[in-house]
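Report on the structure given below.
A, B, ... follow the sequence lines: proteins, then strands. Residue 1 opens every chain. What you see is a predicted model; the values in this text were computed from it and never measured.
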Amino acid sequence: MLRAVFLVAAGAVLVGLGVVSIVTAGGTPTAPAPRVADRSSPAPVEATTPARPAGRARTAHPERVPFEPTSVAFVDTSGRDTAAVDRVRTLADGVLELPPDPARMGWWEGGSSAGAPYGSVVLAGHLDSRELGVGFSALMSELDVGEQVVVTDDDQLMTYVVTDRFLQPSTSVAALAALFSDRGAARLVLLTCGGTYDQEAGAYSDNLVVEARPVGRPRAR
Amino acid sequence: MHIVRTLTAVTLATAVTALSAPTLTAAAEPAAASSVYLVQGVTGSSWSLSVDGEEVAEAEAKEVLGPYDWPAGTHTVTATDGDGEEVTATVEVSAGESLDVVLHRPVDPTGAPLFTTFENDLAPVKDGSGRLTVAHTAAAPPADIRVDGDVLLADVASAEEITTVVPTGVYPVDIVPTATEGPVVMGPVDLEVAEGALTRVFAIGVAADQTMDAVVQVLPLPKTDASAPTSVPAGDGSLASGSGTAPGAWLLAVGAVLLVVGGRRLRRP
């Protein structure tokens, strides 16, 4: 009787173990069988996405880039007076070229651009012309310290505030050189003629000089 | 450990590219051929660079390769490192264009490097000056470039550049996060701005690791004359103040106008 019980118990255990093993085998994840090479999918060694365009660099704050002036305005004179500005150069004899029309000013191309970090932005114009009349530059004698001069091109604007106005003998070359320097602090230098006119020499005794300091940076108009 | 490069006497090594600076007139035409440079701007790494499927060079950090004359059109640049990482992009080139193609880190230093193109402004520059372009190609926030502690160029962000024109010379330059006094992320270093040239500075590296550095590239430019004038004759005396004859001329002119106007009035019925 005990043997029968043992056998039954043993059998039950074996059956139980068998059930467990079958259940376990069904639940345990087994390693998948190695795949046969599948030709329908590409070998994973080449990039499958097409190359995208490289980004193009942007200019940070383009409104701040130093610019060549095309217009100048005296803000605080009796009318808000404006003149177009042409690019001018030093001629072979050392004379600064000026626009023949005294209604226009010249920007010296050897000087700094408006908003440049160093040096003089030089604008000059005829005081007068027998044929064409009184120049825009005649207004320079009205510019007082603290008044504004605004220089623009199509997109940008730069403001200066007058710091000084004086006459300088027109033969004083060394002093002129200092005004034209590209190495000093950034400033605006306006030039025309002044003083008395010497008929014999055919020249004015002085240059009228207005200096102005930049206010901030160039900005969009 | 001293990591930050604050050697004030160090002049940045320049990758001086192309040769003799031609003194062309301002009206010189650009060559029809393009001019492309490859810049390896990923610090602490070496990349194999290929163009249109052909290997060009194995480039260490800060190397500038070229110029190459690529035909106008679309080209593919690829960079591969020793671990198999690959960066690839297409670049559009126009005839006559001068371009830098730069491999660099994004703002996030853990991100994959990328290519960005920078066009070179080869317009003439006046004698005694140089064009300076600073480009941000680093894992760093927007930055200010300062000279002697004063901001020269402000608020440049990753993949951006700013250009200015300054007198030639050596400038002690450092870089700080924009609108701050520090910490200095690069420099101060002595930057030479060459005459009659475009001096390009690519800021590279990782600000957080204090490994910022710079690639300096110098490209010659045509120059315009900048001889200072010695006289400014700006008038012919017709408005002369204090002169004997000119006021007389004015009086005559004004008088003549009055006569004409008066004459017209008299003729009205």
Side-chain angles (χ1 to χ4, degrees), chain A residues 47 50-61 64-66 89-91 93-96 98 102 108-113 116-119 124-130 133-135 137-138 170-171 173 176-177 180-183 191-199 202-204 207 217, chain B residues 26 74 76-78 86 88-92 100-102 114-119 126-129 135-137 142 147 150 152-157 159-167 169 224-246 249:
Chain A
R52 285 154 59 200
R56 291 191 80 98
R58 293 176 305 277
T59 295
H61 299 283
R64 295 180 184 170
V65 174
R89 61 198 171 92
T90 308
L91 300 175
D93 54 0
V95 166
L96 179 63
L98 294 174
W108 178 48
E109 67 172 15
S112 293
S113 296
Y118 304 98
H126 280 300
L127 175 68
D128 51 18
S129 153
R130 202 154 275 120
V134 177
S137 297
S170 50
T171 53
V173 172
L176 270 182
F180 288 109
S181 170
D182 66 350
R183 293 188 172 265
L191 287 162
T192 190
C193 277
T196 57
Y197 188 76
D198 183 341
Q199 284 284 21
Y204 276 93
N207 284 110
R217 301 185 183 105
Chain B
T74 307
T76 303
V77 285
T78 305
E86 188 185 274
T88 189
T90 57
V91 174
E92 197 69 39
D100 281 17
V101 179
V102 183
L114 64 152
F115 283 106
T116 300
T117 62
F118 293 79
E119 199 175 329
K126 62 190 174 78
D127 247 333
S129 290
H136 184 316
T137 46
V147 170
D150 295 325
L152 178 73
L153 302 165
D155 194 22
V156 195
E160 292 183 341
E161 60 182 353
I162 310 188
T163 297
T164 188
V165 175
V166 295
T224 55
D225 174 65
S227 316
T230 53
S231 73
V232 186
D236 63 7
S238 48
L239 181 65
S241 46
S243 156
T245 55

- Task: Mind listing the closest non-hydrogen atom pair of A:Val65 and B:Thr163 along with its distance?
- Result: CG1-O, 4.4 Å
- Task: Under 4.5 Å heavy-atom distance to chain B, tell me which part of A:Asp93 shows up: side chain, backbone, both or neither.
- Result: backbone
- Note on the structure: Closest heavy-atom pair, B:Ala89 versus A:Pro53, reported as atoms and distance to 0.1 Å, is CB-C, 4.4 Å
- Taking every heavy atom of A:Ala60 against every heavy atom of B:Val156, the minimum-distance pair comes out as CB-CA, 4.1 Å
- Note on the structure: Value for OH (A:Tyr204) from CG (B:Leu239), rounded to nearest 0.5 Å, stands at 5.5 Å
- Of the backbone (N, CA, C, O) and the side chain (C-beta and beyond), which part of B:Val101 lies under 4.5 Å from a heavy atom of chain A, both, or neither? neither
- Could you tell me which portion of B:Ala154 (side chain, backbone, both or neither) has an atom closer than 4.5 angstrom to a non-hydrogen atom of chain A? both
- Query: Heavy atoms, side chains only, cut-off 4.5 Å: are B:Val232 and A:Phe180 in contact?
  - Reply: yes
- Message: I'd like to know if the side chain of A:Asp128 and the backbone of B:Ser238 have a donor-acceptor N/O pair within less than 3.5 Å.
- Response: yes
- Quick one: what part of A:Arg52 sits under 4.5 Å from any heavy atom of chain B, side chain, backbone, both or neither? backbone
- How far does OG1 of A:Thr59 sit from CD of B:Glu161, to the nearest 0.5 angstrom? 5.5 Å
- When rounded to the nearest 0.5 Å, the distance separating CG of B:Asp236 from NE2 of A:His126 is 8.0 Å
- For the atom pair CD1 (B:Ile162) and CZ (A:Arg64), what is the distance rounded to the nearest 0.5 Å? 7.0 Å
- Item | Side chain to side chain, B:Val166 and A:Pro117, heavy atoms closer than 4.5 Å | yes
- Item | Under 3.5 Å: donor-acceptor pair, side chain of B:Asp155, backbone of A:His61 | no
- Query: Where on B:Leu114 is there a heavy atom nearer than 4.5 Å to chain A: the side chain, the backbone, both, or neither?
  - Reply: neither
- For A:Val173 and B:Thr230, the nearest pair of non-hydrogen atoms, with its separation, is CG2-O, 3.6 Å
- Heavy-atom pairs under 4.5 Å with chain A, option from B:Ser231, B:Gly169, B:Ala228 with the top count: B:Ser231
- Note on the structure: Of the listed B:Asp100, B:Thr137, B:Thr164, B:Val91, the one with the largest count of heavy-atom pairs under 4.5 Å with chain A is B:Thr164
- Task: Identify the two heavy atoms, one from B:Gly235 and one from A:Cys193, that lie closest to each other, and give their separation to 0.1 Å.
- Result: N-SG, 3.7 Å
- Query: Of the non-hydrogen atoms in A:Ala54 and B:Phe115, which two are nearest, and what is the gap between them?
  - Reply: CB-O, 3.5 Å
- What part of A:Asn207 lies closer than 4.5 angstrom to a heavy atom of chain B: side chain, backbone, both or neither? side chain
- Query: If you measure from CG on B:Asp225 to CD on A:Glu109, what distance do you get to the nearest 0.5 Å?
  - Reply: 7.5 Å
- Sort B:Val165 into side chain, backbone, both or neither according to what part of it lies under 4.5 angstrom from a heavy atom of chain A. backbone
